[in-house]
Amino acid sequence: MNPKRIAIKLFTARDVGLHEMSPFIGVFHRFIQEAAVPGLLLDVADYIHVPDGPGVILIGHDVDYGIDRTGGRSGLLTVRKRAGDLDAAALLRETLGMALATAKALADDDSVSLGFAFDEALVAFPDRLAAPNTAESFELMNKELEPALRRFFGDAIGIVHDSSDDPRRMLGLRITGGAGDLDAVLANVE
């Protein structure tokens, strides 16, 4: 499989409530001005009013970042939109590197005090044509990505199909049992 888009959600160490979302608007605007995170960054969108929704999104040309609350759990959602001809493992590695650099920038920003937990992560493929949500696609993607995921998150991880075989949903891999902190996982990607 050769998907062109990927989404990675790194969950926060604690839930980010709706009342805590507003500071991310300013932080993301500063990230644009300072080119503080990877990608050509363009704008910030505020969806704080949507319960269990996309929160605050930093929109870029090739990648979007967001403090996301979908699924009832907050996290940094990184969506790679234009990946060229990278294979799935290279796409995962590059996008995870972008996500971790942004997570580090957020963790280092005193105005939001955001930490991340690496006991669970989500990798999804919004490219339903190249990566349909079927058991067969999950097995193929799991086989291709498992070595890289184990290198990044540790050998003790489990990888499960995140959603049913509903073709309307994205193919998702839920990684559980990861270990380490942000710096350790970042070092494994580089």
query: Measuring from I159:CD1 to F153:CZ, what's the distance to the nearest 0.5 Å?
result: 10.0 Å
query: Going by heavy atoms in the side chains, are L173 and F125 under 4.5 Å from each other?
result: yes
- prompt: Counting only N and O atoms by type, is there a donor-acceptor contact under 3.5 Å from the side chain of D127 to the main-chain atoms of K4?
  reply: yes
field: Minimum heavy-atom distance A105-F31, with the two atoms named
entry: CB-CZ, 3.7 Å
message: Can you tell me how far apart CG (L10) and CG (L182) are? Round to the nearest 0.5 Å.
response: 8.5 Å
query: Under the 3.5 angstrom rule, does the side chain of Y47 hit a backbone N or O of D68 as a donor-acceptor pair?
result: no
message: Can you give me the closest heavy-atom contact between P3 and A131, atom names plus distance?
response: CB-CB, 4.5 Å
task: Would you mind reporting whether R14 and E20 have side-chain heavy atoms less than 4.5 Å apart?
output: yes
- request: Kindly say whether L91 contributes a backbone atom to a donor-acceptor pair with the side chain of E94 at under 3.5 angstrom?
  value: no
query: Can you name the one residue among V79, T78, V123 that meets side-chain contact (heavy atoms from CB on, under 4.5 Å) with I6?
result: V123
message: Let's go through D46 and V44 carefully: what are the C-alpha distance in whole Å and the side-chain angles of both, what is the deciding distance for side-chain contact (heavy atoms from CB on, under 4.5 Å) to 0.1 Å, and is it a yes or a no?
response: CA-CA 7 Å; D46 173 0; V44 177; 6.0 Å; no
field: Inter-residue atom distance D43.CG - F28.CZ, 0.5 Å rounding
entry: 12.5 Å
query: Under 4.5 Å between any side-chain heavy atoms of L122 and I175, yes or no?
result: no
field: Residue pair R69 / V50, side-chain heavy-atom distance below 4.5 Å
entry: no
- prompt: Among side-chain atoms of N142 and H161, is any donor-acceptor pair under 3.5 angstrom?
  reply: no
field: Student check: side-chain heavy atoms of L114 and F24 closer than 4.5 Å
entry: yes
message: Is there a path of hydrophobic side-chain contacts, each under 4.5 Å between heavy atoms of I/L/V/M/F/W/Y residues, joining L41 to I57?
response: no
query: For the atom pair CE (M98) and CG (L76), what is the distance rounded to the nearest 0.5 Å?
result: 11.5 Å
field: Atom of A88, atom of N2 and distance for their closest heavy-atom approach
entry: N-OD1, 4.4 Å
Check: D166 main-chain N/O paired with N133 side-chain donor or acceptor under 3.5 Å: yes
message: To the nearest 0.5 Å, what is the distance between CZ on F116 and CG on L100?
response: 9.0 Å
Under-4.0 Å salt bridge between R82 and D62: no
query: Below 4.5 Å, heavy atoms only, C-beta onward: do L171 and P132 meet side chain to side chain?
result: no
- prompt: Are V16 and M21 side-chain neighbours, meaning at least one heavy-atom pair lies under 4.5 Å?
  reply: yes
- prompt: Hey, mind stepping through M141 and E136 against side-chain contact (heavy atoms from CB on, under 4.5 Å) and telling me if it holds?
  reply: CA-CA 9 Å; M141 199 58 73; E136 296 82 23; over 6 Å; no
message: I'd like to know if the side chain of R128 and the backbone of R168 have a donor-acceptor N/O pair within less than 3.5 Å.
response: yes
query: Taking R80 for the side chain and R5 for the main chain, is one N or O donor matched with an acceptor at less than 3.5 Å?
result: no
message: Test your reading of the model: is there a side-chain donor-acceptor pair from R150 to the backbone of D155, 3.5 Å cut-off?
response: yes
task: State yes or no: do I32 and V112 share one hydrophobic cluster built from I, L, V, M, F, W and Y residues joined by side-chain heavy-atom distances below 4.5 Å, directly or via other members?
output: yes
- request: Compare all side-chain heavy atoms of L58 with those of V27 and state whether any distance is below 4.5 angstrom.
  value: no
query: Are L86 and V63 connected, step by step, through hydrophobic side chains (Ile, Leu, Val, Met, Phe, Trp, Tyr) whose heavy atoms are closer than 4.5 Å?
result: yes
query: Same cluster for V56 and L18 if Ile/Leu/Val/Met/Phe/Trp/Tyr side chains link at under 4.5 Å?
result: yes
message: Under a 3.5 Å distance rule, please check whether K9 uses its side chain to pair with a backbone N or O of R73 as donor and acceptor.
response: yes
task: State the CG-OH distance between L106 and Y65, to the nearest 0.5 angstrom.
output: 10.0 Å
query: Among all residues two or more places apart in sequence or in another chain, which pass the side-chain contact (heavy atoms from CB on, under 4.5 Å) test with E139?
result: none
message: Tell me the closest heavy-atom pair linking E144 and A89, and the distance in Å.
response: OE2-N, 3.9 Å
Cluster overlap V37 with I8, hydrophobic side-chain contacts below 4.5 Å: yes
field: Candidate pair D52 and T70, rule side-chain contact (heavy atoms from CB on, under 4.5 Å), full reasoning
entry: CA-CA 5 Å; D52 292 332; T70 56; 5.8 Å; no
task: Would you check, one step at a time, whether the test side-chain contact (heavy atoms from CB on, under 4.5 Å) holds for S137 with L140?
output: CA-CA 5 Å; S137 293; L140 286 171; 5.6 Å; no
